[in-house]
2 protein chains.
Amino acid sequence: MASELPATAWTVLGLLSFGRELSGYDLKKWADNSLRFFYWSPAASQVYAELRRLEKVGYASSTVARQDDLRNKRVYSITDAGREALQRWLHEPAEPTVLKHPTMLRVWLGHLEGPAALTKVLDGHRADLTEQLDAARHAADHATDDASWGAYPAAVTRWAVRRLESELALLDDLERDLAQPPTRRNRRNK
Amino acid sequence: MASELPATAWTVLGLLSFGRELSGYDLKKWADNSLRFFYWSPAASQVYAELRRLEKVGYASSTVARQDDLRNKRVYSITDAGREALQRWLHEPAEPTVLKHPTMLRVWLGHLEGPAALTKVLDGHRADLTEQLDAARHAADHATDDASWGAYPAAVTRWAVRRLESELALLDDLERDLAQPPTRRNRRNK
DNA sequence: GGGAGCATGTAACGGGTTACATGATTGG
DNA sequence: CCAATCATGTAACCCGTTACATGCTCCC
């Protein structure tokens, strides 16, 4: 059973499932400003590769759209078979969530460094987070106003915003914890 | 400059940096009940491969410890060069955090399904989260009581617990949001 | 003139996974 | 006796990345 196709193929097919005709270039752009906030954005070359694969198995079809005179691009749309396959995939149990947090790994190795260096690491991370939060807020506002992608993507981008906000809060908690770690005794009882 | 070694090598070396002599088997176990809560746990075969690599570049050294008569295992320890290299690595800017959330991907594709199927997906995810939370709490309690790994790993496991708790809260928020999405109008102004 | 955006790819590489093999010991 | 745990690896595979190539058009 397994999965029939790699994760990237499903996400690309997912992008197509909103009913638009999109080129590889478009797909990469949409991935960059929606998918990346809760999943990830494949390399451009990978997008093209998956599109060719999807077409080969009949889940997508393409036509060449000439726009001006010599400007050509190949646009893809999802097929009925593709939509069905995607639905089947949705019903399978979700793969485990992946969280790979290099900053926490560095904190975890704090004994090599001491508190001073850690503060620097944490500050850097906080800066990254606020930057991401900003981008996510823009995406969420846009998705909330522009109804054309539907309610679900909008809700998910708002989720992404709240997630980043709570990551920031978690960072503060961590710093407090490092300054004043709980012990067996003073641990609030669960 | 880049990174000299793959991420797994640094995490394995990190495990070794706590000063114990550990076998590949041990390493895999420690990864499973600490690292995996905020980073990830490499396959056993990968652990052995990285250990051989670390030894080749002089960041770890190994000796064969025979325990009974014929039970042998190869135990590794970090070298001075290894500790220095690890410290250098800590100082480089952290790689971006990776979050790959298959459940949110499914919600994002909610238009293929409708609310009923989504509830099932979300319930499944909630079950996963509570299970993980349970495991994380055990790890955190253990790390808080057993001082032998030091304060930093303990603080990070507690961070992991809080993170999972807030993920659960975020799930509730998402469900409320899906039931009653904000619009341009009623959006709290920011 | 040149950089940015549009548009699509190829080639090489490697990190990490799964599946499998082996064999010993311990405990129900 | 069999399953689980200890303990270590090999082989095949492939997903996905980086680096690179190409060429057009628009705009400063």
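A, B, ... follow the sequence lines: proteins, then strands. Residue 1 opens every chain. Keep in mind the model is a prediction, meaning the values are calculated, not measured.
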(request) Would you mind building the protein contact string for nucleotides 8-16 of chain D? One character per nucleotide, 5' to 3', B for base within reach (heavy atoms under 4.0 Å), S for sugar-phosphate only, - for untouched. (result) BSB----SB
(message) Can you tell me if A:E95 has over 12 outside heavy atoms packed within less than 6.0 Å of its CD?
(response)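 Correct, the count exceeds 12.
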(request) Inspect the surroundings of NE2 in A:H91 and state if more than 12 heavy atoms from other residues, nucleotides or ligands are less than 6.0 Å away. (result)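 Above 12, so yes.
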(message) Cation-pi check for B:W89 against A:R106: NZ or CZ below 6.0 Å from the six-membered ring centre and within 45 degrees of the axis, yes or no?
(response)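 Judged by the rule (NZ or CZ under 6.0 Å from the ring centre, within 45° of its axis), A:R106 counts as positioned above B:W89.
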[X] has an atom [atom1]; how far is it from atom [atom2] of [N], in whole Å?
{"X": "B:N33", "N": "D:dT5", "atom1": "CG", "atom2": "P", "value": "14 Å"}
{"X": "B:L51", "N": "C:dG15", "atom1": "CG", "atom2": "P", "value": "15 Å"}
{"X": "B:W30", "N": "D:dC6", "atom1": "CH2", "atom2": "P", "value": "12 Å"}
{"X": "A:L22", "N": "C:dT8", "atom1": "CG", "atom2": "P", "value": "11 Å"}

(request) On the 0 to 90° scale, with breaks at 30° and 60°, tag the A:F38-B:W108 ring pair as parallel, tilted or perpendicular. (result)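 Judged by the thresholds at 30° and 60°, the geometry between A:F38 and B:W108 is tilted.
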(request) Describe, in one word, how the ring planes of B:F18 and B:W149 are oriented to each other, choosing from parallel (under 30°), tilted (30 to 60°) and perpendicular (over 60°). (result)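 Ring orientation, 0 to 90° scale: tilted.
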(request) Enter the distance from B:R158:CZ to A:D177:CG here, rounded to the nearest 0.5 Å. (result)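 The distance works out to 4.0 Å.
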